[in-house]
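Hydrogens, waters and symmetry mates play no part in the numbers below; they use all other heavy atoms, side chains included. Naming: A, B, ... by sequence-line order, numbering from 1 per chain.
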Protein chains: 2
Amino acid sequence: MKPYSKTIKDSLKEKGLKLTPQRRSILDVIYENKGEHLSTEEIFELVKERCPEIGLATVYRTMNLFDREKVVYKHNFNDGKSRYEIILGKNRQHHHLICTECGTVIEVEEDLLENTVLEIERKYSFNITNYNVKFYGLCDICRKRV
Amino acid sequence: MKPYSKTIKDSLKEKGLKLTPQRRSILDVIYENKGEHLSTEEIFELVKERCPEIGLATVYRTMNLFDREKVVYKHNFNDGKSRYEIILGKNRQHHHLICTECGTVIEVEEDLLENTVLEIERKYSFNITNYNVKFYGLCDICRKRV
DNA sequence: ATCAATGCAAAGATTTTGCATCAAG
DNA sequence: CTTGATGCAAAATCTTTGCATTGAT
């Protein structure tokens, strides 16, 4: 049993939703690629290897479901498509450095704003469940090249 | 003369690009709506009022140009379209609280990570030119309602 | 039996592109 | 005149939806 299965299955069942073979395969794929930021099409291709009858529309529907249920985080790196990252255990995202020259995305693992969250919540009367930071600039290679 | 015109015109000219009437009108519109996050279509509609012959494709092309030239920041609030915000003077963005229930976007004016930027730059060998924080959660109204 | 989930194809929406024309240096 | 910019329409993407069918509970 994959480490995510129990909790996700439960939280789906609570809402009368099912963990179908298709959804399980998608979950497996995004778990096994937890370092990547796969697009819907890429997930579709990978899932097809183990579940050839799946349709692209199902992947789109499932990713929307997983986004609503906070199983994944939906990223936008300005390449025209949504990209997804599984949310594991701790409920906060990690963050990204995005090179504006070559588009490379580098993960940042720090807990950047844990201290600030409470302050902002109070000041703006807003209940923060997650946050995400994107840093834009030049990666090491492009800085030397440009 | 609008306060942005000088610098932007210069930085365009340096690259052999022109500040045409269409581009100037777009600039006027996004400057006059600096509190908003207008979509391309919305910009198009507003620009048409003062420049009726403009085509939608020109607005798309111009917004891409302005994004590359760092005249605007291209936002994604997961509503299916890109939304733009003019970048004025100080080169850092402000940040946003996004309600996952109703989609409301609230501006956060704090300087959140100025102290952390240098640290991250060193640690990841990355030259940060801008950053953006999105906080997700429930706004005051939705928290009471849901 | 019921109700959600699926696959497929069609439709929708946003964004990009090809091309002839226009405008400025 | 040369080169970028424009407008229009067509094309290209990505994403959603309608509908008949399937599959669990």
Side-chain angles (χ1 to χ4, degrees), chain A residues 5 8-29 37-69 71-72 74-84 103, chain B residues 5 8-29 37-69 71-72 74-84 103:
Chain A
S5 306
I8 291 176
K9 187 169 184 179
D10 286 353
S11 82
L12 290 179
K13 206 175 340 189
E14 269 175 31
K15 297 176 182 155
L17 306 170
K18 290 163 195 164
L19 187 53
T20 61
Q22 288 89 336
R23 289 180 182 174
R24 179 179 289 283
S25 298
I26 292 174
L27 218 34
D28 286 346
V29 161
H37 307 98
L38 301 177
S39 67
T40 314
E41 192 75 40
E42 288 165 351
I43 294 167
F44 175 58
E45 290 303 329
L46 289 168
V47 170
K48 254 203 310 206
E49 291 172 10
R50 67 190 76 180
C51 181
E53 72 283 12
I54 199 169
L56 181 55
T58 300
V59 183
Y60 272 104
R61 280 187 280 236
T62 304
M63 297 321 291
N64 281 342
L65 173 72
F66 284 176
D67 181 32
R68 283 197 304 280
E69 299 303 321
V71 172
V72 298
K74 182 178 191 166
H75 277 290
N76 178 283
F77 296 126
N78 279 343
D79 64 346
K81 37 197 151 234
S82 293
R83 298 185 164 275
Y84 297 91
Chain B
S5 306
I8 290 177
K9 186 167 185 182
D10 286 352
S11 82
L12 289 180
K13 203 173 342 189
E14 269 176 31
K15 297 176 182 156
L17 305 170
K18 292 164 194 164
L19 188 53
T20 61
Q22 289 89 336
R23 290 181 181 172
R24 179 178 289 282
S25 299
I26 292 173
L27 218 34
D28 285 347
V29 160
H37 307 98
L38 300 177
S39 67
T40 312
E41 192 75 42
E42 287 165 350
I43 294 167
F44 175 59
E45 291 303 329
L46 289 168
V47 171
K48 254 199 316 203
E49 292 172 10
R50 67 189 73 178
C51 180
E53 71 284 11
I54 198 169
L56 181 55
T58 300
V59 184
Y60 272 103
R61 281 187 280 235
T62 303
M63 297 320 290
N64 282 342
L65 173 73
F66 284 178
D67 181 31
R68 282 197 304 280
E69 298 303 320
V71 172
V72 299
K74 182 178 191 167
H75 278 289
N76 178 282
F77 296 126
N78 278 343
D79 65 346
K81 39 197 149 232
S82 293
R83 296 184 165 277
Y84 298 91

**Study point:** Position toward the 5' end of DNA chain D (nearest nucleotide), B:V59 or B:G16
**Key:** B:G16
Review point. Tell me: CG of A:L27 to P of C:dA5, nearest whole Å?
Key: 14 Å
Practice item. Give the rounded distance in Å between these two atoms: CZ of A:R68 and C1' of C:dA4. Key: 13 Å
Exercise for review: Check A:V72 against A:D67 and note the closest heavy-atom contact, atom names and distance.
Suggested key: CG2-N, 3.7 Å
Exercise for review: Just call it for A:K18: base, sugar-phosphate, or nothing, with non-hydrogen atoms closer than 4.0 Å on any strand.
Suggested key: base
Review point. Side-chain N or O of B:T58 less than 4.0 angstrom from OP1 or OP2 on D:dG7?
Key: yes
**Study point:** side-chain N/O B:Q22 vs D:dG7 OP1/OP2, d < 4.0 Å
**Key:** yes
Review point. Between C:dT15 atom P and B:F44 atom CZ, what is the distance in whole Å?
Key: 14 Å
Point to revise | Presence of A:Y60 side-chain N/O under 4.0 Å of D:dT15 phosphate oxygens OP1/OP2 | key: yes
Check your understanding: What's the CG-C1' distance between B:D79 and D:dT16, to the nearest Å?
Key -> 15 Å
Check your understanding: Is there side-chain contact between B:K48 and B:E45, with heavy atoms separated by less than 4.5 Å?
Key -> yes
Point to revise | Nearest heavy-atom neighbours spanning B:H37 and B:R83 | key: O-NH1, 2.7 Å
Point to revise | CZ on A:F66 to CZ on A:R61, rounded to 0.5 Å | key: 13.5 Å
Practice item. Indicate, with a heavy-atom threshold strictly under 4.0 Å, whether B:E53 touches base, sugar-phosphate, or nothing. Key: sugar-phosphate
Check your understanding: Contact class for B:R23 vs. all strands (heavy atom < 4.0 Å): base, sugar-phosphate, or nothing?
Key -> sugar-phosphate
Check your understanding: Would you call A:E41 and A:V59 a side-chain contact if the rule is heavy atoms closer than 4.5 Å?
Key -> no
Point to revise | Atom pair distance, as rounded to whole Å: CG in B:L17 and P in C:dG25 | key: 14 Å
Review point. Does B:T20 have a side-chain nitrogen or oxygen under 4.0 Å from the phosphate oxygens OP1 or OP2 of D:dT6?
Key: yes
Review point. Within the pair B:S82 and C:dT15, is there a side-chain N or O less than 4.0 Å away from OP1 or OP2?
Key: yes
Check your understanding: Would you say the base of D:dG7 and the side-chain of B:R61 have a donor-acceptor pair closer than 3.5 Å?
Key -> yes
Practice item. In whole angstrom, give the distance that lies between atom CG of B:L56 and atom P of C:dT16. Key: 11 Å
Review point. When we call it a touch if two heavy atoms are under 4.0 Å apart, what does A:S39 touch: a base, just sugar-phosphate, or nothing?
Key: nothing
**Study point:** Interatomic distance, B:L19 CG vs C:dG25 C1' [rounded to whole Å]
**Key:** 15 Å
Review point. Closer to the 5' end of DNA chain C via nearest nucleotide, is it B:N64 or A:I54?
Key: A:I54
Study note, to complete from the structure: Here the distance between atom P of D:dG23 and atom CZ of A:R24, to the nearest Å, is 18 Å
